[in-house]
Amino acid sequence: PSFTVRAQDSVGTTLPGATGTVTLTTTGTFGVASTNTATLVNGVATFTNLSLSNTGAHTLTFTATGLTSVTSASFNVAAGPPTNIAANSAIAQTANAGTAVAAAPSVLITDAFGNPVAGVNVTFAVTAGGGVITPTTVATNALGIATVTSWTLGAVAGANSVTATVAGLSGSPVAFNAVGQVGPAAAIVATSATTQSAPFSSAVTAPPAVQVRDLFGNGVSGVSVTFTVTAGAGVTTPASPAVVVTDANGNAALTTWTLDASLGTNTVTAAAAGLTGSPVSFNATATAGAPTTIAANSVTTQSAIAGTAVAAPPSVLVTDAGNNPVAGVSVTFAVTAGGGAISPASPATVSTNASGIATLTSWTLGATVGANSVTASVAGLAGSPVTFTATGTVGPAAALVISTQPAGAVTGVAFTTQPVVQIRDANGNITASAATVTVALASGSGTLGGTTTVTAVNGVATFTDLLITGVGAHTLTFTSTGVSSVTSASLSVAAGAPTQLTIGTEPAGAVSGVPFTTQPVVQIRDAGGNLTTSTASVTATIATGTGTLAGTVTVNAVNGVATFTTLQLNGSGAH
């Protein structure tokens, strides 16, 4: 509001007639457009647009020509509404990533005249770098200043920023920037595979590589890392022990790592003194190269009883150029002679195991005595095919077999074809047995003569003088201790040479001049009385009595039998 001053006399009475100009001075600073003079009108000077532009305690002094000046009591000038926000601390600084900056962000809020304004809430926010600001809302103090307790930068090295904002104020938001620097080296970690494999004497795909990091995982440059071969006889580039200095990103790596010529584990360590995780171990297995050679892994020559399995099934070894065993190679096994069988069945495909070996489960020889063979092959390999041979030998005696059947039997006469009996094994192979073989009649009537027990020579019993007395169909059984017997085919024994006639049917019903009602039948027999098969002619004559014999008196025998049909006597009486 406007205020006035009065011109008074010594007793305090206003002097209406006083004129002139009253000038106002102050301990502060007048605001823009303030009028610090007023004219006395009826002894009163009125001031209407005075303002002060700075806060704090002030006094006003009024002077006029010819009058004693007067000074007001002290009064306080408060700040106006906030209009401006500005940085009160450094806006650009650096610190290790993950740590607090030295100068926590601070702002000053003032009114239009630059006076600090207290009690204004300022919002602080992290806008880049991922750090943490504490707290996020701060009220200005009596000096118009708002300062956060701390600003911790993000863990990743690089740019960080925080803003301080009060809506509507000039200069809002205020930006504070800080660069997060890499901290001291704290740990070493692998950045390439720590376990891998490669063919012997060749380089691994991923040479050992590490990164040296600070506490927050940022790569630290300029750290010396020592790579050392600790197992196997591999070679590194640079040569072990190799010192490699980390690059701008904290990385250090070998150029190459070539494994040992022998199969097995190779190891390289990467070490940096005092760092967590040191040393880092890299392991690589030297594996076999491409297969180049196939060779026998079992005996290649052996024997077994025909029809049985050999003691050592065929087995091969497949190796690479360094003579290392190669796993997983398909080997084809096939029976090539002897007719035996392999397991798996021929042609069989068997993969080499971790030792480079492929082995059949079994090899059973052919049933026939003699040579057997199996091949193992892998196309393109030196030494392929590998040949395994085995001789099938005779097994123990098991059965008798008639190789020559007896034939040409005439009663009482040695067979024209004498039997031959073989002693064979279970597969039918002739043995070398010297056992005795005995023969006996199995069927038919009569008696067996000759040498009935014969000693075999190299498994063959040859009979020389066997004969049967008695005609008709017969069979012979051959036996030997410990083996199965055998029976011959049916043997027909014929009668001997004709030596005598016998009357099979006596003549009867004789009437003179009339054919007998029962005609005589005459048999031609051998010396043993056996009916022959003779076709000789038989003639009937009167032996006793008188008269004449008429009809067909001569008849040809059929199978040793002469049958008369028309015989008659002319004359009576006994004949």
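Note that these values count all heavy atoms, side chains included, but never hydrogens, waters or copies made by symmetry. Source: prediction; values computed, not measured.
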query = Any side-chain heavy-atom pair from Q422 and V460 closer than 4.5 angstrom?
reply = yes

key: I357 side chain near L317 side chain, heavy-atom distance below 4.5 Å   = yes

key: Minimal non-hydrogen separation, P184 against N96, with atom names   = CD-ND2, 4.2 Å

inquiry  = Run S74 and T59 through side chain to side chain donor-acceptor pair (under 3.5 Å) and show every step you take.
reply    = CA-CA 5 Å; S74 176; T59 58; over 6 Å; no

message = Could you go through L381 and T293, starting from their C-alpha distance and side-chain angles, then the distance that decides it, and tell me whether this counts as side-chain contact (heavy atoms from CB on, under 4.5 Å)?
response = CA-CA 5 Å; L381 298 194; T293 304; 5.9 Å; no

message = Side chains of S373 and T336: any donor to acceptor distance under 3.5 Å?
response = yes

message = Before you tell me yes or no, could you show the steps for T352 and V331 under side-chain contact (heavy atoms from CB on, under 4.5 Å), namely the whole-Å CA-CA distance, both residues' side-chain angles and the distance that decides it to 0.1 Å?
response = CA-CA 7 Å; T352 55; V331 179; 4.1 Å; yes

note = Partner of S303 under side-chain contact (heavy atoms from CB on, under 4.5 Å), picked from L365, V310, T391, is T391

message = Can you confirm whether W151 sits close enough to F124 that some side-chain heavy atom of one is under 4.5 Å from a side-chain heavy atom of the other?
response = no

query = Rounded to the nearest 0.5 Å, how far does CG of L52 lie from CZ of F30?
reply = 6.5 Å

inquiry  = Are F113 and N54 packed together at the side-chain level, in the sense that at least one heavy-atom pair is separated by less than 4.5 angstrom?
reply    = no

inquiry  = Can you see whether T479 engages S485 through a side-chain donor-acceptor pair at a distance of less than 3.5 angstrom?
reply    = no

remark   = Rounded to the nearest 0.5 Å, the CD atom of Q211 sits from the CG atom of D247 at a distance of 8.5 Å

inquiry  = If we count only N and O atoms by modelled type, under 3.5 Å, do the side chains of T195 and N283 hold a donor and an acceptor together?
reply    = no

message = Quick check for you: to the nearest 0.5 Å, what is the distance between T140 atom OG1 and N88 atom CG?
response = 11.0 Å

query = With a 4.5 Å heavy-atom cut-off, do N115 and T110 have their side chains touching?
reply = no

query = If you round to the nearest 0.5 Å, how far is CD1 of I109 from OG1 of T83?
reply = 10.0 Å

key: Side-chain H-bond candidate by donor/acceptor type, S34 with S51, under 3.5 Å   = yes

request  = Would you check if L153 and V101 make a side-chain contact, meaning some heavy-atom pair closer than 4.5 Å?
outcome  = yes

request  = Could you give me the CA-CA distance, side-chain angles and deciding distance for W257 and F227, then say whether side-chain contact (heavy atoms from CB on, under 4.5 Å) is met?
outcome  = CA-CA 11 Å; W257 179 19; F227 291 87; over 6 Å; no

query = Taking atom types as modelled and ignoring hydrogens, do the side chains of S89 and S106 form a donor-acceptor contact shorter than 3.5 angstrom?
reply = no

message = Could you check whether T228 and S240, counting side-chain N and O atoms only, form a donor-acceptor pair closer than 3.5 Å?
response = no

message = Contact between P344 and V350 at the side-chain level, heavy atoms closer than 4.5 Å - yes or no?
response = yes

inquiry  = Within the 4.5 Å heavy-atom criterion, are T246 and V225 side-chain neighbours or not?
reply    = yes

Steps toward side chain to side chain donor-acceptor pair (under 3.5 Å) verdict (T387, T375) = CA-CA 5 Å; T387 299; T375 59; over 6 Å; no

note = Here the gap from L60 atom CG to L24 atom CG, rounded to the nearest 0.5 Å, amounts to 5.0 Å

message = Just verifying a value: how many Å separate N251 CG and R213 CZ, rounded to the nearest 0.5 Å?
response = 8.5 Å

task = Output yes when a side-chain donor or acceptor of N297 lies under 3.5 Å from a complementary backbone atom of A295, and no otherwise.
result = no

ask   = Are side-chain N/O atoms of S197 and T285 paired as donor and acceptor at under 3.5 Å?
value = no

